[in-house]
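Presented below is the structure to which this report refers.
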Amino acid sequence: MTEAYRVGDELPPLEIPVTRTLIVAGALASRDYQDVHHDAELAREKGSPDIFMNILTTNGLVGRYITDHFGPTAVLRKVAIRLGAPNYPGDLLRLTGRITALENLENLAPKSENHTLIEVAVTGDNRIGRHVTGKVTVTIADAVTVTIAGAVAVAVTKEGGA
């Protein structure tokens, strides 16, 4: 069964513990070697109470939130975010989203598939306040049929079910 999405639908929240390891690993993975993302002493010298998460890690977590919700046929088309309160070790980042726009895109490659373009307003809060706000545009295939070795067909729906 294919889920029907509507403008105004709320996505279930995703809570992510913000650990020192997550902050440092995200900075290293995105090649952001600024000391405020890995060296607590230097971060304090620059006026921060501790190291804090960089924007690229937040961007990746927002993208994950959307693709986890919409399933394996989801393709991020645009992620536009703005940071607010920093994420420090020990915070809990709580991401929420609401569908703000839907559009059916017929015959987006491959030709046999219909796709839906979905825009989601996303917010993320921690103990200090609003960490991130933004909009994410994603496309999802309405139904994809995959044939394996000419014999097995699997239909993947918007929920990711088979």
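Numbers here are sequence positions counted from 1.
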Name all residues meeting the side-chain contact (heavy atoms from CB on, under 4.5 Å) criterion together with A85; count only those two or more places apart in sequence or in a different chain, and write none if there are none.
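Only N126, I128 meet the side-chain contact (heavy atoms from CB on, under 4.5 Å) criterion with A85.
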
Any side-chain donor-acceptor pair under 3.5 Å between N54 and S30?
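Judged by distance alone, the side chains do pair up.
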
As a test of understanding, state which of V136, L102, T137 forms a side chain to side chain contact (heavy atoms under 4.5 Å, CB included) with I118.
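Only one of V136, L102, T137 forms a side chain to side chain contact (heavy atoms under 4.5 Å, CB included) with I118, namely L102.
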
Option from L95, V79, L14, L11 for which side chain to side chain contact (heavy atoms under 4.5 Å, CB included) with I66 holds
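With I66 as partner, side chain to side chain contact (heavy atoms under 4.5 Å, CB included) holds for just one option, L11.
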
[Y] and [X], any side-chain heavy atoms less than 4.5 Å apart:
| X | Y | value |
| --- | --- | --- |
| V36 | S48 | no |
| D125 | R130 | yes |
| M53 | L61 | yes |
| V18 | I23 | yes |
| I16 | L22 | yes |

Quick one: pull up [atom1] in [X] and [atom2] in [Y] and give me the separation to the nearest 0.5 Å.
| X | Y | atom1 | atom2 | value |
| --- | --- | --- | --- | --- |
| K46 | D35 | NZ | CG | 3.5 Å |
| R82 | H131 | CZ | NE2 | 14.0 Å |
| L92 | N87 | CG | CG | 9.5 Å |
| T96 | E15 | OG1 | CD | 10.5 Å |
| H115 | N104 | NE2 | CG | 10.5 Å |

Side-chain heavy atoms nearer than 4.5 Å, only ILVMFWY residues, links allowed to pass through others: does that put [X] and [Y] together?
| X | Y | answer |
| --- | --- | --- |
| L56 | L28 | yes |
| V62 | F52 | no |
| V7 | V138 | yes |
| V24 | Y33 | yes |

Any donor-acceptor pair under 3.5 Å linking the side chain of [X] with the backbone of [Y]?
| X | Y | value |
| --- | --- | --- |
| D91 | L93 | no |
| T67 | A74 | no |
| Y5 | T116 | no |

What closest approach, in Å, do [X] and [Y] show between heavy atoms, and which atom pair accounts for it?
| X | Y | result |
| --- | --- | --- |
| G97 | Y65 | N-OH, 3.0 Å |
| P89 | D50 | CG-OD2, 3.7 Å |
| P49 | R44 | O-CG, 3.6 Å |
| G8 | R98 | O-CG, 3.7 Å |

Please check if atom CZ in R127 has more than 12 non-hydrogen atoms from other residues, nucleotides or ligands closer than 6.0 Å.
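Yes, CZ of R127 has more than 12 neighbouring heavy atoms, counting only those of other groups under 6.0 Å.
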
